[in-house]
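Have a look at the structure below before the remarks.
Note that ligands are numbered from 1 as they come in the structure, with each ligand's atoms numbered from 1 the same way. What you see is a predicted model, and the numbers here were worked out from it, not measured in a lab.
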Amino acid sequence: MAKQKVILDCDPGHDDALALLMALAADNIDLVAVTTSAGNQKPEKTFHNARKLLALAGREDIPVAMGAAKPLLRDLIIAENVHGKTGLDGAKLPEPTHEPLKQSANDLLAETLRNSDEPITLVATGPLTNMAIFLLSHPELKSKIAQISYMGGACFGGNITPQAEFNIYVDPEAAEVVMQSGVPLAMFGLDVTLKAQLFDEDISYIENLGNPVAKVMADLLKFFALTTTPPFLAGPDHVEGVHMHDPCAMAYIIDPTLFTTRKKHVEIDTKDGLSLGSTVVDYDEVSGKDKNVTVAFGVDLPRFRDLVYKSMALFSKD
Ligand code: RIB
Ligand code: CA
């Protein structure tokens, strides 16, 4: 099967970790580089976490570069309450054995795209700061971007404020740069990621696979499940799974048929106030503006869970 080249820009982060491991396991993805963003934790921690995850998977051959230290204009907000002090609390990961790259994320992105003989898919699972900086500093390389598949935003609602999702809220100006870039975009907001759930039996299955990667991922999922918030209207016997936000953006690249999507106009509210960081999705197409983003609204959950199973099982093969 032809492999598509992918670069993951992430802020690991428990769900980022699964997105990364799914990319490594996919037989139709060639993960050529990883860049890290500041979001779930401070930049040096998400950078270290990405390197530890690649060490865990035996893939330190993949270059990892640290991105911007903070959002374009605003102070950095981190999600220590969700991902813990390390950003990957709840599991023990091996230390990287390779020296950290001194190269910046922007330079690694530029070098990788410039030297590629085919367009590369960018998957972004943290704030879009690195994506914005790259798009502004290398407009000549836009044609080498196949698409940007990102976890962020919501057509309806939010999780860091009532109207904004964390990744967009951390750097709304960067998100607006990406929305205006003209690059093909696929958005995996809370509308779909809150439906992409893994349950206790899934975590047990993963844990019982017996390979060290799956064991760590199961431990990370158990920790991440502690911060999952069940919908307040759910009935007393409702069981809410753990929300797999970032894996949606990667699963779409592996198998786009898992998702129901619609092209819509999306822009970002960058004004301070109640709706700062809101992804304003023209759901009813009343604006007449260009439909710049493929927005995901639904997921085939049984097949999504099956893809996660298959991804984790692949690490059992030596
Ligand atoms: O709102 C969910 C997003 O915020 C995910 O990317 C998660 O990793 C956190 O960064
Ligand atoms: Ca993330």
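Judged as a salt bridge (Lys or Arg N to Asp or Glu O under 4.0 Å), not a single pair has a partner in residues 136-157 (not counting sequence neighbours).
Between Arg51 and Glu60 there is no salt bridge, since none of the side-chain N atoms of the basic residue sits less than 4.0 Å from a carboxylate O of the acidic one. The pair Lys310-Asp27 does not meet the salt-bridge criterion, since no charged nitrogen lies less than 4.0 angstrom from a carboxylate oxygen. With salt bridges taken as basic N to acidic carboxylate O contacts below 4.0 Å, one links Glu201 and Arg305.
A donor-acceptor contact closer than 3.5 angstrom links the side chains of Ser316 and Asn211. Counted by atom type alone, Thr86 and Asp89 present one or more donor-acceptor pairs between their side chains at under 3.5 Å.
Applying the ring-ring contact (aromatic ring centres under 6.0 Å, His included) test to Phe134 and every residue at least two apart in sequence or in another chain returns His138.
Counting only protein N, O or S atoms closer than 3.0 Å to the Ca ion (ligand 2) gives 5.
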Next item on the list: Decide yes or no on side chain to side chain donor-acceptor pair (under 3.5 Å) for Asp269 and Ser275, but give the supporting numbers first.
Entry: CA-CA 7 Å; Asp269 186 340; Ser275 57; 2.5 Å; yes
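Ring-centre distance between Phe223 and His83: not below the 6.0 Å cut-off.
Within 4.0 Å of ligand 1, protein heavy atoms come from Asp11, Asp15, Asp16, Asn40, His83, Thr125, Met151, Asn159, Glu165, Phe166, Asn167, His245, Asp246.
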